Every structure is written in C-alpha cells, then in structure tokens.
Amino acid sequence: MEHVREYVQEDPYRFRLDPQDGMRAPGVVFASRELLRDAEKSLEQVVNVATLPGIVGASYAMPDIHWGYGFPIGGVAATDVADGGVISPGGVGFDISCGVRLLAADCDRQALEPALQEVMDGLGRTIPRGAGPGGVWEPDGPGELEAVLEGGSRYAVEQGHGEERDLRRCEDGGAVAAADVGQVSERARERGLVQVGSLGSANHFLEVQQVADVYDEPVAAAFGIVRDQVCVMIHCGSRGLGHQICTDHVRAMDSAMTRYDIQVPDRQLACTPVDSPEGRDYLGAMAAAANYGRANRQLLAQATRRVFQRAAGVRLDLVYDVSHNLAKIETHAVDGEQRRLCVHRKGATRAFPPGHPELPEDLRGVGQPVLIPGTMGTASYVLTGVTGGDAFHSTCHGAGRSLSRHQAARTVGGKQLRARLEADGIAVRPLSPRSLAEETPEAYKDVAAVVEASEGAGLCRKVARLVPVGVVKG
DNA sequence: ATGTTC
C-alpha cells in the first residue's frame with residue numbers, strides 16, 4: 001500500500017508528481033532536493049489531496065511540508081466552487097487561523113537592553129500560556145463571545161484594545177466576513193469563553209526579537225522595520241474553540257459525505273461540496289474561529305504593549321497579522337478564466353503580490369508582509385509576496401518539525417537548553433522545562449533552507465531576518 | 001494543534 005512516489009524535477013525548487021491512482025490533478029512540491037528527502041513520507045498525502053473533487057491546478061506542497069491530519073502541513077489546494085469543488089476541514093487543520101502577528105518597537109536592541117529583564121519579567125507574568133483555561137481578557141458572557149466570533153480584531157479594537165491603524169495591518173481588516181455563530185457548538189463556546197488572549201502551548205510563542213539582517217531596505221521600510229530594531233512576534237491560534245469546531249465538523253462531514261457520492265482515500269479528508277449545507281456550515285464556523293484567533297492575537301498584542309510601555313517606555317506598531325491555517329473563497333485565473341475557488345492553506349501563508357487590490361494603500365506597492373516563525377534558537381523571517389508566484393499566492397509558514405515531541409525531549413533537558421539559550425543572550429520565560437525541551441531548535445528543519453527554497457521557487461522574496469532576544473513559551 | 005486519549 002505504501003510505496004515511494006515517483007517525481008520529476010521541473011526546476012531547481014519544483015518537483016511534479018504526475019496524476020495516477022484517482023488523482024484529478026498533479027502534485028507539485030516546492031523544495032530543495034534535501035528538503036524533499038525529509039518529506040518523502042508526506043508525498044502520500046499530497047497525492048491523496050489531488051483526488052479531491054473539483055481540485056484545480058495541482059495539489060501543492062511548500063518546502064516545510066510534513067505529515068498532518070489528512071492534508072500535509074504545508075499543503076495548498078484550491079477547488080472550483082461552481083464545479084462541485086469541496087471544502088475539507090482537514091485542509092485547514094485543527095488550529096483554525098493559527099497565525100503570526102509582528103509588532104515593531106520604536107527603539108533598537110541597544111536602547112532596550114537596560115529594561116530587557118524587566119520587560120521579560122513583565123511578559124512572563126502577563127502572558128497566559130500552556131494548555132487549559134486563562135486569558136488576558138474574558139467576554140462578559142455568551143453574547144460578547146459572539147461579538148468576538150463575528151468581529152475578530154475589529155471588535156477588540158472597538159472595545160478599546162488597540163488602535164484603528166492596527167486593523168489596516170491585519171489580513172481582512174481584522175475580521176473574516178460571514179462568520180456563522182449558529183454553527184459554533186455549545187462545547188466550542190465553553191472552551192472559547194475562558195481562553196481569549198492566551199498563547200497556548202507547543203510551537204506557539206511570543207518572542208522579543210532583533211532585526212538582524214535586512215535584504216530589501218525599501219520594502220522593509222514600507223513594512224516599518226529597519227536593522228537592529230526591536231520587534232515582537234506572536235504565534236498562536238484559536239485554542240480549544242478552533243479545535244472543537246474542527247472536531248465537530250469533521251464528524252458531520254464524515255457522515256454526510258456518502259450522500260454526495262464522494263470517495264476519499266483517507267477518512268481524514270472528510271469533505272463536502274463548498275456549495276452544500278455542510279460545506280456552508282463548516283465555512284461559517286471556520287470564519288468564527290478565524291475571528292477568535294485574530295482577537296486572540298490582538299489582545300495579546302495589547303497586553304504586550306502595556307508591558308513594554310510600563311517597563312521601558314517603548315511603543316509598538318503593528319507590522320502585519322496573517323494566518324497560515326485557513327480556507328478562503330478567492331477569485332483566481334484558471335486557464336485564462338476568472339474562477340471562484342476555495343483555497344485551502346494549511347501550514348501555508350497567503351502572499352499577495354505588489355498591486356493586489358486587497359492590500360492596504362501603504363503596502364500596495366511592495367506586496368503583503370509574510371511572517372515566518374522560526375525556532376527559539378535560530379531565526380524568524382519577514383518575506384513579501386511576489387508577482388507570478390504559483391500556488392494561488394501562497395508560500396511557506398515556518399521551519400517544520402523534524403523530530404517528534406518525545407524525541408526532542410530525549411535529546412536535551414529543559415534546564416540545559418535554557419542555560420544554553422541564556423548563554424547565547426536569549427532571555428527565556430518557559431512554563432516548564434519539559435515543554436521547553438520539546439521545542440528545542442534541533443527538533444525543527446533549518447528555517448533558512450525553507451525560506452531559501454520558497455524564494456528559489458518564486459513564491460516570495462526575503463525582506464528581513466529576525467533573531468530572538470527573549471522567548472515566552474507555553 | 002488540543003481540558004496533550006470521550
């Protein structure tokens with residue numbers, strides 16, 4: 001059953017898997033030869049996604065591809081809404097609207113130095129993290145939770161948790177339209193009520209960073225970043241609420257699928273047509289979770305601003321906020337014709353090119369900021385979208401795991417890792433030694449190689465490299 | 001990713 005997939009190298013960073021075994025489109029993997037070797041097992045999932053009804057173009061995989069639920073993480077697939085195209089919760093993932101927000105400080109690393117420990121202590125006390133309940137803010141009841149699910153960052157800002165300018169630097173202006181709170185189960189609401197403004201665990205983090213390299217000064221300037229500047233990167237998602245929504249709707253689709261005569265090679269690819277009651281229900285619930293994730297990042301950013309202001313007199317401006325786990329209805333040219341597509345991006349980041357009409361005016365000339373969280377010992381990147389990028393304006397999303405959590409914790413002790421990081425000048429505020437060890441940089445692929453391959457494949461361009469100064473982790 | 005196995 002499991003066999004090695006044959007592929008053809010089309011370009012230095014592009015490999016094609018020709019259709020076979022029920023595939024309705026080819027597979028296309030963007031990677032270096034070396035990254036592709038790490039990804040061989042996951043090609044099976046690229047092939048499986050290519051069998052989905054209505055798929056157009058190809059089943060794409062980004063250079064940070066690894067094994068996921070149904071779809072690979074690092075997968076991009078678009079289906080044609082008017083041609084029976086399906087929506088699959090597995091193509092978004094359990095952490096709906098997981099994403100990254102980057103803030104830029106009005107000071108450089110040297111200026112922050114005297115206040116750094118106080119800032120880190122403040123963040124360590126203030127930022128809720130780890131599994132379970134607890135957030136920086138709690139809706140005053142079920143009604144206000146619905147306002148969050150409908151309004152996302154926009155609602156948070158309206159309530160005084162941020163600035164109007166923030167919304168112009170958020171994907172979709174801070175809120176996805178068409179959230180359907182009626183499709184958010186009671187259990188999802190219960191979990192969501194007590195986690196607004198919380199980081200979560202595993203690879204989620206809040207980092208104080210320093211801009212170590214600028215590759216494109218004019219674009220970096222338009223984004224609002226310069227060399228040596230202090231930045232804050234927040235990587236988190238929609239917590240238990242998004243997880244519950246995924247669980248609920250996978251179950252609903254799994255039992256509805258036969259009614260649409262849809263067969264998939266893996267039950268985890270449960271899906272129904274976008275244009276079906278179950279498809280619409282999921283998309284409405286997914287949009288609600290997306291807004292929850294955005295409000296979550298907005299509130300964490302606001303808590304971070306208060307700490308920086310109080311401890312260092314430093315101000316933080318939003319660079320951008322973008323998700324890397326989401327499905328969206330977008331219009332793209334397919335064989336010269338404009339088509340409405342459902343674009344699944346799972347562990348893949350939207351990367352609009354310069355001139356895209358959905359970009360705010362001050363970014364229109366340079367393209368969309370793409371935020372790539374790395375690991376706590378290495379680096380993170382800021383990229384920009386490019387003209388002519390393939391895969392429906394998408395690129396990579398991070399380093400991608402190479403060791404399991406268990407394997408990672410066996411390679412190093414948490415205390416030992418913390419000592420090593422601090423010796424490298426990185427302040428660490430972990431929740432526990434064990435959780436820190438599970439996130440050791442050695443457990444991830446080389447994020448620089450992932451970014452290199454993404455740029456080499458023509459999906460994006462490098463703008464800046466950020467290195468960690470202080471790490472807050474669940 | 002996740003009240004880390006309903």
Side-chain angles (χ1 to χ4, degrees), chain A residues 42 45 62 64-75 88-101 128-135 138 145 184-206 234-252 254-255 268 270 282 285-286 288-290 292-294 296-297 300 322-327 344-349 373 375 397-410 414 430-439 443-444 473-474:
Chain A
S42 309
Q45 294 193 311
M62 301 297 123
D64 47 338
I65 176 177
H66 56 284
W67 192 267
Y69 180 89
F71 278 59
I73 295 161
S88 174
V92 173
F94 277 85
D95 195 2
I96 297 167
S97 201
C98 180
V100 184
R101 171 174 291 227
R129 54 203 191 276
E138 192 170 325
L145 179 66
V184 179
S185 68
E186 194 50 46
R187 197 192 286 201
R189 290 168 194 242
E190 277 170 24
R191 295 177 71 173
L193 198 57
V194 291
Q195 293 185 322
V196 188
S198 67
L199 210 48
S201 56
N203 66 346
H204 290 161
F205 66 72
L206 185 152
I234 299 171
H235 176 206
C236 65
S238 53
R239 306 293 327 277
L241 180 134
H243 193 277
Q244 190 63 49
I245 285 174
C246 183
T247 302
D248 294 340
H249 288 263
V250 164
R251 190 173 297 144
D254 185 62
S255 57
Q268 296 183 352
Y282 171 68
M286 183 207 72
Y292 184 95
R294 286 133 195 249
N296 193 20
R297 291 193 287 274
L300 285 170
V322 65
S323 168
H324 48 233
N325 282 3
L326 211 60
H344 303 71
R345 295 187 183 88
K346 180 190 192 179
T349 316
T375 76
H397 90 302
R401 264 201 114 80
S402 57
L403 295 182
S404 72
R405 317 192 61 74
H406 186 73
Q407 285 173 315
R410 276 201 326 206
L431 200 61
S432 76
R434 165 79 195 194
S435 67
L436 193 71
E438 289 176 346
E439 291 298 312
Y444 287 87
K473 278 202 73 82

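As the structure is a computational prediction, the values presented were derived from the model and not from experiment. Naming: A, B, ... by sequence-line order, numbering from 1 per chain. No hydrogens, no waters, no symmetry mates; every other heavy atom, side chains included, goes into these values.
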Participant: Are the aromatic rings of A:H235 and A:H324 close, with centres under 6.0 Å apart?
Facilitator: yes

Participant: Please compare A:F94 and A:R251 by the position of their nearest nucleotide in DNA chain B and report the one closer to 5'.
Facilitator: A:F94

Participant: Check this one for me: any side-chain N or O of A:R239 less than 4.0 Å away from OP1 or OP2 of B:dT2?
Facilitator: yes

Participant: Determine the contact category for A:E190: base if any of its heavy atoms lies under 4.0 Å from a base atom, sugar-phosphate if only primed atoms, P, OP1 or OP2 are that close, otherwise nothing.
Facilitator: nothing

Participant: So, is A:S201 close to the B:dT2 phosphate, meaning a side-chain N or O under 4.0 Å from OP1 or OP2?
Facilitator: yes

Participant: Going by heavy atoms in the side chains, are A:R239 and A:Q244 under 4.5 Å from each other?
Facilitator: no

Participant: Could you check whether any side-chain heavy atom of A:V184 comes within less than 4.5 Å of a side-chain heavy atom of A:Y292, counting everything from C-beta outward?
Facilitator: no

Participant: Rounding to an integer number of Å, can you tell me how far A:H406 NE2 sits from B:dT5 P?
Facilitator: 13 Å

Participant: Can you list the residues that meet the side chain to side chain donor-acceptor pair (under 3.5 Å) rule with A:T247, with sequence neighbours excluded?
Facilitator: none

Participant: Report the residue (A:R401 or A:G130) whose heavy-atom-nearest nucleotide on DNA chain B is the more 5′ of the two.
Facilitator: A:R401

Participant: For the pair made of CG in A:D95 and P in B:dT4, what is the distance, rounded to whole Å?
Facilitator: 15 Å

Participant: Rounded to whole angstrom units, what separation is found between the OH atom of A:Y292 and the P atom of B:dT2?
Facilitator: 11 Å

Participant: If you check every side-chain atom of A:R187, which of B:dT4, B:dT2, B:dC6 has the closest atom?
Facilitator: B:dC6

Participant: Within a strict 4.5 Å, meaning less than it, do heavy atoms of the A:T375 and A:E439 side chains meet?
Facilitator: no

Participant: Within this structure, what is the CD-to-C1' distance between A:E438 and B:dT2, rounded to whole angstrom?
Facilitator: 13 Å

Participant: Once you round it to whole Å, what is the distance between P of B:dT2 and CG of A:L431?
Facilitator: 12 Å

Participant: Measure CZ/A:R405 against P/B:dT4 and give the value in whole Å, please.
Facilitator: 13 Å

Participant: Can you measure A:I96 atom CD1 to B:dT2 atom C1' for me and round it to whole angstrom units?
Facilitator: 12 Å

Participant: In whole angstrom, give the distance that lies between atom CD1 of A:I245 and atom P of B:dT2.
Facilitator: 14 Å

Participant: Looking at every strand, decide which applies to A:G240 at a 4.0 Å heavy-atom threshold: base, sugar-phosphate, or nothing.
Facilitator: sugar-phosphate

